A.B. asks: 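Dumping the structure here so I can ask a few things about it.
In this chain, residues are counted from 1 in sequence order. Because the structure is a prediction, the values reported are computed rather than measured.
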Amino acid sequence: MIIGHSDPHRYLYHYTRADTAIDAILRYRTLRLSPYTKTNDPKESKDWLFDFGSNEGRDLSSFDRNQLSAKLSQELKHKTHLTCFSTDEDSLVGSHPFDIYKRGFCKLTMWDRYGGGHTGVCLVFDRQRLVEQVQKQIADRYPLYYGRVSYANHVVGHHPDHQEFTVNVDLLERVGIKEYAQMHLVEFHQNLFFEKMTDWRDESEWRILAFTDSDKHLDISFEQSLVGLVFGCDVTQENRKAIFDLNHCSGVHHVGLEWKNSRVWYDWR
């Protein structure tokens, strides 16, 4: 997963604490899709406020904006589950000394924020294999979307080119809020669920989302899609050994990160 690697679309990287990796992910060989409202981005965790529109010249004053927005947010967000990854930069050249800072497992703020302050691990998944596993296990039950997150900042106010926060009340009354939410999702899932503010862009995020019929989490068996694991520079020897034992005979490639003269490098041990 390191030597000679130059395909930026091959791997996905998931940062986690060592205890989560040991007690859950590696022990049960599953990856959890967690509720969308539990993310650490207020744009995603807070309820959305929708505007109203009508193609039939309807009187919109009879609609309670706050009440309808709360109901639609509930339908769109509270049964949505996701798991998040980082990706490699597109400019890989295939030489690991030059590519190390472009790799999805070498994002220092991600180690600090999600990897237990460098005491955790970064799991490396083969993207195609993982997507196939997710599709096999839940695609026949739930709408499923996956792909890169884009980054943009928007000023407050109505923008005709951004209709994801506008409700077509004519259609809403014809089909009901549940079916309307599904139709709205199909049309606007990219803007609603795959766009974040530019302050997050260094995470190079890639997501898997499932729109379910429950607010309970989903656990996906990843099987042979886990191909590598990177230890943080401050992982304990006890946790390192526990992780090695859990991955014994799994074919997972282990490597660490360490610091030499203020530069990050590989710990091949």
Side-chain angles (χ1 to χ4, degrees), residues 12 14-17 20 24-25 28 30-53 60 63-85 113-114 130-131 133-135 137-152 154 156 158 162-197 199-200 203 205-222:
L12 297 172
H14 183 77
Y15 292 82
T16 188
R17 300 192 314 270
T20 302
I25 299 175
Y28 300 107
T30 58
L31 194 62
R32 176 159 293 180
L33 275 65
S34 300
Y36 181 77
T37 53
K38 301 296 185 182
T39 65
N40 59 350
D41 185 349
K43 177 180 178 181
E44 299 173 337
S45 60
K46 302 296 184 183
D47 278 351
W48 291 323
L49 185 64
F50 292 89
D51 293 317
F52 298 151
L60 303 178
F63 293 92
D64 187 322
R65 184 187 187 195
N66 291 328
Q67 184 182 64
L68 186 55
S69 292
K71 288 182 178 179
L72 194 53
S73 285
Q74 177 79 21
E75 287 297 323
L76 286 169
K77 299 173 67 169
H78 288 264
K79 296 178 183 178
T80 299
H81 296 77
L82 82 165
T83 186
C84 305
F85 308 88
R113 185 177 292 152
Y114 307 111
L130 182 61
V131 169
Q133 285 299 320
V134 175
Q135 289 176 328
Q137 293 172 57
I138 64 173
D140 61 339
R141 291 183 288 156
Y142 307 123
L144 187 64
Y145 298 92
Y146 47 85
R148 283 182 180 270
V149 170
S150 61
Y151 301 92
H154 303 293
V156 173
H158 177 74
H162 293 272
Q163 298 297 313
E164 64 268 27
F165 296 112
T166 299
V167 175
N168 184 327
V169 296
D170 310 321
L171 182 58
L172 174 65
E173 291 206 327
R174 283 199 298 271
V175 302
I177 193 165
K178 289 185 177 295
E179 185 173 345
Y180 181 84
Q182 292 300 314
M183 298 171 69
H184 197 82
L185 171 66
V186 170
E187 185 170 0
F188 297 113
H189 66 270
Q190 187 67 40
N191 302 79
L192 291 173
F193 296 98
F194 287 85
E195 183 182 276
K196 302 184 72 170
M197 294 178 65
D199 194 50
W200 298 95
E203 292 191 354
E205 189 174 343
W206 200 97
R207 292 180 161 182
I208 296 175
L209 280 92
F211 299 91
T212 76
D213 54 5
S214 169
D215 58 1
K216 296 181 179 180
H217 60 256
L218 284 173
D219 288 333
I220 302 297
S221 174
F222 51 73

A.B. asks: Does any non-hydrogen side-chain atom of Thr80 lie less than 4.5 Å from one of Leu185?
C.D. replies: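 Not touching, per the 4.5 Å side-chain cut-off.
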A.B. asks: Using 4.0 Å as the upper bound for N to carboxylate O, is an ion pair formed by Lys178 and Glu75?
C.D. replies: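 So Glu75 pairs with Lys178 through a salt bridge.
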A.B. asks: At their closest point, which heavy atom of Arg207 faces which heavy atom of Cys84, and how far apart are they?
C.D. replies: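 Answer, listing the atom of Arg207 first, then Cys84: NE-SG, 4.0 Å.
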A.B. asks: Do Tyr145 and Phe193 have ring centres separated by under 6.0 Å?
C.D. replies: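 No, the ring centres sit 6.0 Å or more apart.
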A.B. asks: Ring centroid separation for Tyr142 and Phe211, is it under 6.0 angstrom?
C.D. replies: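 That pair fails the under 6.0 Å test.
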A.B. asks: Distance check, rounded to the nearest 0.5 Å: Gln137 atom CD versus Thr30 atom OG1?
C.D. replies: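 Going from the CD atom of Gln137 to the OG1 atom of Thr30 covers 9.5 Å.
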A.B. asks: So, taking the atom named CG in Leu192 and the one named NE2 in His189, what distance separates them when rounded to the nearest 0.5 Å?
C.D. replies: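 Here the interatomic distance stands at 9.5 Å.
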A.B. asks: Given side chains that start at C-beta, do those of Val169 and Phe63 come closer than 4.5 Å, heavy atoms only?
C.D. replies: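 Yes, close enough: below the 4.5 Å cut-off.
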A.B. asks: Is the shortest side-chain heavy-atom distance between Leu76 and Trp48 below 4.5 Å?
C.D. replies: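 Sidechains of Trp48 and Leu76: in contact.
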A.B. asks: Looking at side-chain heavy atoms only, is the closest gap between Arg65 and Phe52 below 4.5 Å?
C.D. replies: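 Side chain of Arg65 against side chain of Phe52, heavy atoms only: contact under 4.5 Å found.
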A.B. asks: So, taking the atom named OG1 in Thr83 and the one named CG in Leu31, what distance separates them when rounded to the nearest 0.5 Å?
C.D. replies: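 It is 4.0 Å, given to the nearest 0.5 Å.
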A.B. asks: What heavy-atom pair brings Tyr180 and Asn168 nearest, and what distance separates the two atoms?
C.D. replies: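 Looks like OH-N, 2.8 Å.
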A.B. asks: I'd like to know whether NZ of Lys38 has more than 12 heavy-atom contacts from other residues, nucleotides or ligands below 6.0 angstrom.
C.D. replies: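 No - once you tally the heavy atoms of other residues, nucleotides and ligands closer than 6.0 Å, there are 12 at most.
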A.B. asks: Nearest 0.5 Å, please: how far is CD in Glu164 from CD in Gln190?
C.D. replies: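 One finds 10.5 Å between CD of Gln190 and CD of Glu164.
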A.B. asks: Before you tell me yes or no, could you show the steps for Arg148 and Glu205 under salt bridge (charged side-chain N to carboxylate O under 4.0 Å, His left out), namely the whole-Å CA-CA distance, both residues' side-chain angles and the distance that decides it to 0.1 Å?
C.D. replies: CA-CA 6 Å; Arg148 283 182 180 270; Glu205 189 174 343; over 6 Å; no
A.B. asks: State whether the side chain of His217 and the backbone N or O of Arg32 hold a donor-acceptor pair below 3.5 Å, judged by distance alone.
C.D. replies: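 Between the backbone of Arg32 and the side chain of His217 there is no qualifying donor-acceptor contact (under 3.5 Å).
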A.B. asks: Salt-bridge test for Asp213 and Arg141: reply yes if a basic N is under 4.0 Å from a carboxylate O, no otherwise.
C.D. replies: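 Salt bridge between Asp213 and Arg141, a charged N being under 4.0 Å from a carboxylate O: no.
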A.B. asks: Are side-chain heavy atoms of Leu218 and Thr212 found at a separation under 4.5 Å?
C.D. replies: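 They are in contact (side-chain heavy atoms under 4.5 Å apart), so the answer is yes.
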A.B. asks: What distance do Ser221 atom OG and Gln133 atom CD have between them, rounded to the nearest 0.5 Å?
C.D. replies: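 Output value for this atom pair is 6.0 Å.
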A.B. asks: Kindly compute the distance separating CH2 (Trp200) from OG (Ser150), expressed to the nearest 0.5 Å.
C.D. replies: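 Rounded to the nearest 0.5 Å, the CH2-OG separation comes out at 15.0 Å.
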A.B. asks: Check whether His154 reaches the backbone of Ala152 with its side chain - one donor and one acceptor, N or O, closer than 3.5 Å.
C.D. replies: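 Not a single qualifying donor-acceptor pair exists.
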A.B. asks: Answer yes if the ring centres of Phe188 and His184 are under 6.0 angstrom apart, and no otherwise.
C.D. replies: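 When the ring centroids of Phe188 and His184 are compared, they turn out to be within the sub-6.0 Å range.
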A.B. asks: So does Ser214 get a backbone contact from the side chain of His78, meaning a donor-acceptor N/O pair under 3.5 Å?
C.D. replies: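 Checking the backbone N and O of Ser214 against the side chain of His78, no donor-acceptor pair under 3.5 Å is found.
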A.B. asks: Other residues, nucleotides and ligands only: do more than 12 of their heavy atoms fall within 6.0 Å of CG on Asp64?
C.D. replies: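 Enclosed.
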A.B. asks: Counting C-beta onward and ignoring hydrogens, is there a side-chain heavy-atom pair between Leu130 and Phe85 closer than 4.5 Å?
C.D. replies: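 Of all side-chain heavy-atom pairs linking Phe85 with Leu130, at least one is under 4.5 Å.
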A.B. asks: Is the distance between the ring centroids of Tyr146 and Phe194 under 6.0 Å?
C.D. replies: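 No, they do not, as the ring centres are separated by 6.0 Å or more.
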A.B. asks: Could you check whether any side-chain N or O of Ser69 sits under 3.5 Å from a backbone N or O of Phe50, counting only pairs where one atom can act as donor and the other as acceptor?
C.D. replies: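 Answer holds: yes.
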A.B. asks: Measure the shortest side-chain to side-chain distance between Glu203 and Tyr15 over non-hydrogen atoms and say whether it is less than 4.5 angstrom.
C.D. replies: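 No, too far: nothing below the 4.5 Å cut-off.
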A.B. asks: I'd like to know if Glu44 pairs up with Lys77 as an ion pair, taking the criterion as any Lys NZ or Arg NE/NH1/NH2 lying under 4.0 Å from an Asp or Glu carboxylate oxygen.
C.D. replies: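 Salt bridge between Glu44 and Lys77, a charged N being under 4.0 Å from a carboxylate O: no.
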A.B. asks: Ignoring hydrogens, what is the shortest heavy-atom contact between Thr166 and Gly53? Give both atom names and the distance.
C.D. replies: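 The answer is CG2-N, 4.2 Å.
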A.B. asks: Any side-chain heavy atom of Leu82 within less than 4.5 Å of one from Leu33?
C.D. replies: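 In short, these two side chains do not touch, never coming nearer than 4.5 Å.
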A.B. asks: Do the side chain of Gln74 and the main chain of Ala70 share a donor and acceptor less than 3.5 angstrom apart?
C.D. replies: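 Not a single qualifying donor-acceptor pair exists.
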